[in-house]
Amino acid sequence: MKGCHEPYYPLRPQRLCVGQCGNQVGCRFWDLALREHSHVNKKGIYDEALSSFFRNVDSRRSVGGSCDITGGRIQSLKARAVLVDMEEGVVNEILQGPLRELFDSTQLITDVSGSGNNWAVGHWMYGSAYREQIVDQLRRAAEHCDCLQCFFLIHSMGGGTGSGLGTCVLKLLEEEFPEVCRIVTSVYPSAEDDVITSPYNSVLAMRELTEHADCVLPVENQVCVRACKSLVDIMNKIKHMSHSGKPGSVIKKDSAIISGQGGVSGAEKPFDAMNNIVANLLLNITSSARFEGSLNMDLNEIAMNLVPFPRLHYLVPSLTPLYTLADVNIPTRRLDQMFTDAFSKDHQLIRADPKHSLYLACALMVRGNVQVSDLRRNIERLKPTLPFVSWNQEGWKTGLCSVPPVGHSHSLLALANNTCVKPTFMELRDRFAKLYRKKAHMHHYLHVDGMEQGCFTEAISSLSSLIEEYSLLDATKDRLMPDAARLNIAT
């Protein structure tokens with residue numbers, strides 16, 4: 001645990017949004033981040049907090065381009081981001097909406113035809129065609145950073161562009177910036193996904209995530225609203241509260257959490273509310289990079305402290321309160337209750353129950369007026385109920401950011417490296433096997449240059465190996481690890 005009142009250094013994470021889902025989530029993040037900064041920054045001054053994710057640009061002071069301004073009043077903010085999509089729809093909506101001034105043409109890479117829900121098209125065809133342009137944009141974005149900290153990649157697993165081109169971009173990041181941490185937020189499809197090839201796309205993408213990411217934050221999506229999955233359950237709770245009529249549990253009609261208004265213009269869309277939840281996850285994980293705190297957590301420390309085995313880098317996120325928007329007026333949760341909530345299956349962003357699985361490590365990222373003593377007290381209170389591996393009983397990483405979410409006194413994000421991700425991966429493997437046994441739709445993949453049937457077998461082998469690694473750890477849960485054998489010294 002870091003010492004209190006550690007100096008604050010502005011760091012520059014770069015955000016890459018790939019595919020329709022990645023750009024929709026990214027759009028909500030920028031929208032909510034601007035709300036958060038405007039709530040804190042009342043004077044319109046370009047400060048260190050804003051500089052973490054935004055550049056201050058004055059196009060009048062540079063011939064043929066823009067010039068960065070390091071201080072003073074805000075002139076024109078530009079997001080530190082690259083937006084990639086092989087369909088123009090979502091990016092065009094962003095460019096026509098309230099956030100259009102945040103981006104310029106050098107930050108956008110689009111096509112018109114899409115990837116046809118085909119990982120091979122996104123990864124091999126578009127990856128090859130746009131490789132130089134993507135690398136050029138990445139280098140250009142990095143040059144604007146005086147202290148490049150990490151890359152955030154946001155994408156979905158079920159579609160063709162998000163899974164295929166998204167993982168291609170991930171490999172390019174590793175090749176071009178091998179020393180810079182790569183944190184990936186991956187939206188996983190549900191069993192009711194309407195993309196029939198999503199199991200292929202997801203398993204093919206999983207291999208790339210396992211090999212080339214430093215951390216993956218899996219979030220489970222749900223297309224069929226009738227089924228009870230994690231994010232849909234969350235949104236059902238919000239809707240129930242909005243109709244309950246109880247004082248202090250009101251959601252405004254035009255709230256961004258239930259409306260399409262905000263970064264993307266137009267009527268309410270099915271995933272707007274879910275995108276807000278994921279965007280709030282990203283707001284909380286980056287809070288220490290944007291604001292001061294008594295225990296600021298460097299984003300690189302997430303991988304350093306939570307990933308004891310390189311391949312087992314899938315971190316289960318949980319967030320409390322779940323409704324971190326100024327538009328949502330609900331009673332504040334007691335601090336101790338929030339710590340309890342963070343380890344409940346009802347607050348996980350995938351269907352998982354971490355208390356019945358094995359913890360390898362855990363990070364707690366707290367925002368608001370919370371003392372280090374509160375943090376330590378709650379860790380000691382919860383530790384007896386949380387099964388940790390025997391060799392990492394003190395595997396906790398903590399961060400305290402003094403700026404709370406808008407409209408709340410405090411919030412808590414927990415990131416658990418826990419074997420509870422295994423059932424999600426097993427279900428994905430089963431869905432893949434049902435298609436693969438019949439060789440269904442494989443010809444659409446094999447006609448793409450660079451794609452071979454061996455890619456399928458290697459991908460499912462990689463996933464099975466990952467599941468086996470989690471199973472071996474699970475087997476140690478109820479077994480005391482014997483002390484290491486001592487050396488016998490001859491006398």
Side-chain angles (χ1 to χ4, degrees), residues 16 18-19 21-22 115 117-128 131 151 153-175 178 182-189 193 195 197-221 303 307 309-315 350 417 419 421-437 439-442 444-446 448-472:
L16 293 102
V18 183
C21 175
S115 299
N117 294 324
N118 187 325
W119 181 90
V121 172
H123 193 84
W124 293 112
M125 192 175 86
Y126 285 126
S128 176
R131 177 189 174 92
F151 287 104
L153 176 65
I154 310 169
H155 74 131
S156 70
M157 300 287 281
T161 300
S163 67
L165 188 55
T167 52
C168 179
V169 170
L170 181 63
K171 287 200 295 186
L172 292 177
L173 290 174
E174 185 177 41
E175 293 172 9
R182 299 170 297 281
I183 300 176
V184 184
T185 301
S186 300
V187 180
Y188 281 70
D193 196 293
V195 177
T197 55
S198 67
Y200 283 160
N201 298 332
S202 299
V203 171
L204 289 164
M206 277 286 294
R207 179 174 182 252
E208 306 299 323
L209 292 179
T210 301
E211 297 298 327
H212 303 293
D214 290 303
C215 287
V216 178
L217 310 179
V219 177
E220 187 178 359
N221 205 348
V307 183
F309 304 109
R311 285 167 51 88
L312 307 186
H313 53 234
Y314 294 86
L315 309 180
I350 68 169
N417 193 337
T419 59
V421 296
K422 185 178 70 172
T424 297
F425 298 159
M426 292 174 67
E427 180 183 317
L428 182 59
R429 181 177 63 178
D430 292 343
R431 291 168 53 212
F432 175 96
K434 289 179 181 179
L435 286 178
Y436 190 68
R437 278 196 298 265
K439 299 297 187 287
H441 307 286
M442 279 190 60
H444 295 298
Y445 291 76
L446 298 180
V448 178
D449 288 342
M451 188 70 183
E452 300 175 353
Q453 189 164 338
C455 295
F456 287 90
T457 57
E458 290 172 5
I460 197 63
S461 175
S462 173
L463 181 56
S464 294
S465 176
L466 185 68
I467 291 170
E468 179 62 22
E469 291 176 57
Y470 281 114
S471 295
L472 290 173

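- Of the possible donor and acceptor atoms, one in the side chain of Thr457 sits under 3.5 Å from a partner among the backbone N and O of Gly454.
- Contact check for Gln453 versus Lys439: side-chain heavy atoms found under the 4.5 Å cut-off.
- With hydrogens and angles ignored, the 3.5 Å screen pairs a side-chain donor or acceptor of His123 with a backbone N or O of Gly164.
- Nearest heavy-atom pair, Ala120 versus Val448, reported as atom, atom and distance to 0.1 Å: O-CG1, 3.6 Å.
- Remark: Ser471 pairs with Lys422 by the side chain to side chain donor-acceptor pair (under 3.5 Å) rule, at least two apart or across chains.
- Taking both residues in full, the closest heavy atoms of Gly450 and Cys455 are given as O-SG, 4.5 Å, listed atom of the first, atom of the second, then distance.
- Judged purely by atom type and a 3.5 angstrom limit, Asn118 uses its side chain to pair as donor or acceptor with the backbone of His444.
- With hydrogens and angles disregarded, no donor-acceptor distance shorter than 3.5 Å links the side chain of Tyr470 to the backbone of Phe425.
- The OG1 atom of Thr210 sits 2.5 Å away from the OH atom of Tyr314 when rounded to the nearest 0.5 Å.
- In this structure, CH2 on Trp119 lies 8.5 Å from SG on Cys168, to the nearest 0.5 angstrom.
- The side chain to side chain donor-acceptor pair (under 3.5 Å) test applied to Ser186 returns His155, not counting sequence neighbours.
- Separating the CD atom in Glu452 from the CH2 atom in Trp124 is a distance of 8.5 Å, to the nearest 0.5 Å.
- Between Val18 and Leu153, the shortest heavy-atom distance links the atoms CG2-CD1, 3.6 Å.
- Rounded to the nearest 0.5 angstrom, Arg182 CZ and Lys171 NZ are separated by 12.5 Å.
- No side-chain heavy atom of Leu170 sits under 4.5 Å from any side-chain heavy atom of Phe151.
- Side-chain contact check for Leu209 versus Met157: some heavy-atom pair is nearer than 4.5 Å.
- Between the CD atom in Glu469 and the CZ atom in Phe309 there is a gap of 9.0 Å [rounded to 0.5 Å].
- For the 3.5 Å distance criterion, the side chains of Thr167 and His212 fail to qualify, holding no donor opposite an acceptor.
- Of all heavy-atom pairs spanning Leu428 and Pro199, the tightest one is CD1-CA, 4.3 Å.
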Give the table of side-chain donor-acceptor pairs shorter than 3.5 Å for residues 460-468, with sequence neighbours excluded, one pair per line with atom names and distance.
unit_1, atom_1, unit_2, atom_2, d
Ser464, OG, Arg429, NH1, 3.3
Ser464, OG, Ile460, O, 3.0

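- Proximity of Leu204 to Ser163: side-chain heavy atoms (C-beta onward) are nowhere separated by under 4.5 Å.
- Ile350 is listed as a side-chain neighbour of Val421, based on a closest heavy-atom distance under 4.5 Å.
- Annotation: cation-pi pair Lys434/Phe432 absent, no NZ/CZ under 6.0 Å from the ring centroid and within 45° of its normal.
- Under the 4.5 Å side-chain criterion, counting only non-hydrogen atoms from C-beta, Thr197 is in contact with Tyr445.
- Inter-residue side-chain proximity for Asp214 and Ile183 is flagged as unmet; no heavy-atom pair is nearer than 4.5 Å.
- Annotation for Asn201 and Gly158: closest pair ND2-O, 2.7 Å, computed over non-hydrogen atoms.
- Glu220 contributes atom CD, which lies 7.0 Å from atom CD of Glu427 (distance to the nearest 0.5 angstrom).
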